[in-house]
Amino acid sequence: MNRFAEPILDWYAEHARDLPWRRPEATPWGVLVSEIMLQQTPVVRVLPAWERWLERWPTPAALAAEPSGEAVRAWDRLGYPRRALRLHASACAIVERHDGEVPSSHAALLELPGIGAYTAAAVASFAFRQRHAVLDTNVRRVLARLVSAEEYPPRSQTVGEVTLAESLLPLDPPTAATWSVAVMELGALVCTARAPRCVDCPVLAGCAWQAAGRPAYAGPARRGQRYAGTDRQCRGRLLAVLRHADGPVEKAALDVVWSEPVQRERALDALIADGLVDPLDDGRYALPS
DNA sequence: AAGGCGTGGAT
DNA sequence: TATCCAAGCCT
């Protein structure tokens with residue numbers, strides 16, 4: 001094993017959070033749902049949504065049996081509601097192509113909508129104890145510091161990062177799976193983006209960034225994302241109206257939540273194009289069926 | 001291959 | 001208050 005494995009695995013055994021999707025009774029479907037919800041959404045906000053989701057839809061077949069709009073409604077305010085649509089589509093594909101069982105191969109997972117390289121590797125690793133390089137934002141940051149002596153990884157993922165992550169993977173598949181979740185956890189709890197708790201780090205002595213004096217990030221400026229006044233905010237307002245409504249709503253109910261008409265129409269058209277909103281024949285609007 | 005895509009807590 | 005950030009994916 002790599003020289004970081006033992007201290008990080010030991011640290012994880014002692015400090016890992018008790019998250020429901022990590023428990024032995026968690027199903028592959030539960031793991032898959034957690035991974036989709038956790039894409040760009042913090043754990044604390046996912047926790048209650050995940051519990052409700054799994055109680056209502058304990059299997060892919062249960063979700064596939066309902067309209068996609070119900071998935072969008074249940075998504076609540078997790079953000080990026082296209083993920084709800086894709087999770088519903090994945091449930092349908094799992095029923096149709098995999099007899100209702102979440103596939104275990106990385107390649108089959110990758111073919112499901114909304115599942116990219118990271119999520120496929122995560123599900124294969126965490127639900128099926130396989131050996132895959134799991135490169136999320138936490139792992140990328142940990143490896144950047146530990147090995148490359150950089151405060152932050154490059155803006156877009158490089159082949160070098162994949163090669164590095166693969167080279168560090170323990171050979172035994174179940175151990176590799178635990179290593180992957182352990183490095184993620186280290187990034188989430190200790191090797192954080194803003195104020196890393198280096199005093200609590202189990203591999204501080206071997207950290208290249210620490211040895212270099214923890215130099216500040218020297219790469220290109222990280223582009224801040226605005227939100228107020230954007231199409232994204234407008235889309236969020238429009239969709240919230242439909243989530244809160246029992247059934248279809250009049251156009252006027254949408255118009256009142258955004259005063260700028262050009263932007264409002266553009267955002268509504270985009271929601272319809274995305275399949276998040278269904279324009280009915282009678283002029284009203286609804287969540288998709 | 002950058003940029004679009006929600007939301008809210010922390011600093 | 002404004003900015004940053006949170007288990008990415010898709011085009």
Side-chain angles (χ1 to χ4, degrees), chain A residues 16-17 19-22 26 30-50 72 75-87 89-90 109-127 132-142 151-159 161 165 177 180-189 191-196 217 220-243 257-258 263 266-267 269-271 273-277:
Chain A
R17 289 167 293 180
L19 301 174
W21 46 84
R22 287 181 183 163
V31 173
L32 173 55
V33 171
S34 79
E35 289 301 336
I36 302 297
M37 288 185 169
L38 286 163
Q39 291 170 1
Q40 305 286 280
T41 302
V43 168
V44 287
R45 238 186 307 157
V46 165
L47 240 17
W50 184 88
V72 174
W75 199 252
D76 196 41
R77 293 189 297 191
L78 289 179
Y80 295 139
R82 292 188 295 191
R83 290 183 293 166
L85 224 42
R86 290 173 182 150
L87 183 52
S90 277
L109 287 163
L110 205 46
E111 288 185 28
L112 298 173
I115 297 193
Y118 161 75
T119 304
V123 173
S125 296
F126 308 150
H132 298 277
V134 178
L135 264 185
D136 78 321
T137 186
N138 288 303
V139 175
R140 295 186 63 221
R141 185 176 57 249
V142 170
E151 185 179 18
Y152 298 119
R155 290 213 67 63
S156 42
Q157 187 177 302
T158 65
V159 292
E161 291 181 86
S180 295
V181 73
V183 179
M184 287 179 62
E185 191 76 336
L186 187 66
L189 298 183
C191 196
T192 53
R194 191 94 51 108
Y217 179 70
R222 306 146 74 77
R223 192 167 173 278
Q225 49 179 11
R226 314 158 176 60
Y227 183 61
T230 61
D231 285 15
R232 289 156 84 159
Q233 185 183 32
C234 182
R235 288 167 57 108
R237 293 246 188 107
L238 295 172
L239 205 56
V241 172
L242 292 172
R243 276 202 317 265
V257 299
W258 199 264
Q263 185 178 31
R266 181 174 67 231
D269 285 346
L271 286 170
D274 284 346
L276 284 164
V277 172

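Residue A/Gln40 has its side chain nearest to C/dG8 when only C/dG8, C/dA7, C/dC5 are considered. Here B/dT11 is the nucleotide among B/dC5, B/dT11, C/dG8 with the atom lying nearest to any side-chain atom of A/Arg194. Here B/dG6 is the nucleotide among C/dA6, B/dC5, B/dG6 with the atom lying nearest to any side-chain atom of A/Tyr227. Distance from the side chain of A/Tyr80 is smallest for B/dC5 among the nucleotides B/dT7, C/dA7, B/dC5. Comparing C/dG8, C/dA6, B/dG6 by their nearest atom to the side chain of A/Thr119 picks out C/dG8. Nearest nucleotide to the A/Tyr152 side chain, out of C/dA7, C/dC5, C/dA6: C/dC5. When distances run from any side-chain atom of A/Ala188 to the nucleotides B/dG6, C/dG8, C/dA7, the shortest one goes to C/dA7. Nearest nucleotide to the A/Thr41 side chain, out of B/dG6, B/dC5, C/dA6: B/dG6.
Looking at heavy-atom distances under 4.0 Å, A/Arg266 makes no contact with the nucleic acid at all. Base contact: A/Trp21 has a heavy atom under 4.0 Å from a base atom. No engagement by A/Leu87 is indicated, since no non-hydrogen atom pair under 4.0 Å with the nucleic acid exists. Nucleic acid contact class of A/Ile36 (heavy atoms, under 4.0 Å, all strands): none. Note on A/Ala122: nothing from the nucleic acid sits closer than 4.0 angstrom, heavy atoms only.
With hydrogens and angles ignored, no donor-acceptor pair under 3.5 angstrom links the side chain of A/Arg232 to the base of B/dG4. Between the side chain of A/Arg226 and the base of C/dT3, no donor-acceptor pair of N or O atoms lies under 3.5 Å.
Here the side chain of A/Gln263 pairs no donor or acceptor atom with the backbone of A/Trp258 at under 3.5 angstrom. A/Arg141 places a side-chain N or O within donor-acceptor distance of the main-chain N or O of A/Gly187, the cut-off being under 3.5 Å. Counting only distance, with no hydrogens or angles, the side chain of A/Arg83 and the backbone of A/Leu78 share a donor-acceptor pair below 3.5 Å.
Atoms CD (A/Gln233) and P (B/dT7) sit 9 Å apart, rounded to a whole Å. Taking atom CG on A/Leu32 and atom P on C/dC9, their separation rounds to 11 Å, with Å as the unit. Spacing between atom CZ of A/Arg155 and atom P of C/dG8 amounts to 13 Å, rounded to whole angstrom units. Nucleotide C/dA7 holds its C1' atom 5 Å from the CG atom of A/Asp136, rounded to whole Å. One interatomic measurement links the two molecules: CZ of A/Arg86 to P of C/dC9, which rounds to 10 Å at whole-angstrom precision. Atom pair A/Leu271:CG and B/dG4:P shows a separation of 16 Å (rounding to whole Å applied). At whole-Å resolution of the value, CZ in A/Arg141 and C1' in C/dC5 are 9 Å apart. Put simply, CD on A/Gln39 is 18 Å from C1' on B/dG8, counting in whole angstrom units.
Contact between the side-chain N/O atoms of A/Arg235 and the OP1/OP2 oxygens of B/dG6 is found at a separation under 4.0 Å. For A/Arg77, no side-chain nitrogen or oxygen approaches OP1 or OP2 of B/dG9 to under 4.0 Å.
Between A/Asp231 and A/Val44, the residue whose closest nucleotide on DNA chain B is further toward the 5' end is A/Asp231. Remark on DNA chain C: of its neighbouring residues A/Ile115 and A/Val43, the 5'-side contact belongs to A/Val43, judged by nearest-heavy-atom nucleotide. Between A/Arg82 and A/Pro42, the residue anchored closer to the 5' end of DNA chain C is A/Pro42, taking for each the nucleotide with the nearest heavy atom. Taking for each of A/Arg237 and A/Ser156 the nucleotide of DNA chain B with the nearest heavy atom, the 5'-most of the two is the partner of A/Ser156.
Nearest heavy-atom pair across A/Leu85 and A/Asp274 is CD2-O, 3.3 Å. Across all non-hydrogen atoms, the minimal contact from A/Leu276 to A/Pro81 is CD2-O, 3.8 Å.
A gap of 22 Å separates the C1' atoms of C/dA7 and B/dT11, to the nearest Å. The P atoms of B/dA1 and C/dA6 are separated by 25 Å, rounded to the nearest whole Å. Separating the P atom of B/dG6 from that of C/dT11 is a span of 14 Å, rounded to the nearest Å.
Within 6.0 Å of CZ in A/Arg77 there are 12 or fewer heavy atoms belonging to other residues, nucleotides or ligands.
A donor and an acceptor atom, one from each side chain of A/Tyr118 and A/Glu35, are located under 3.5 Å apart.
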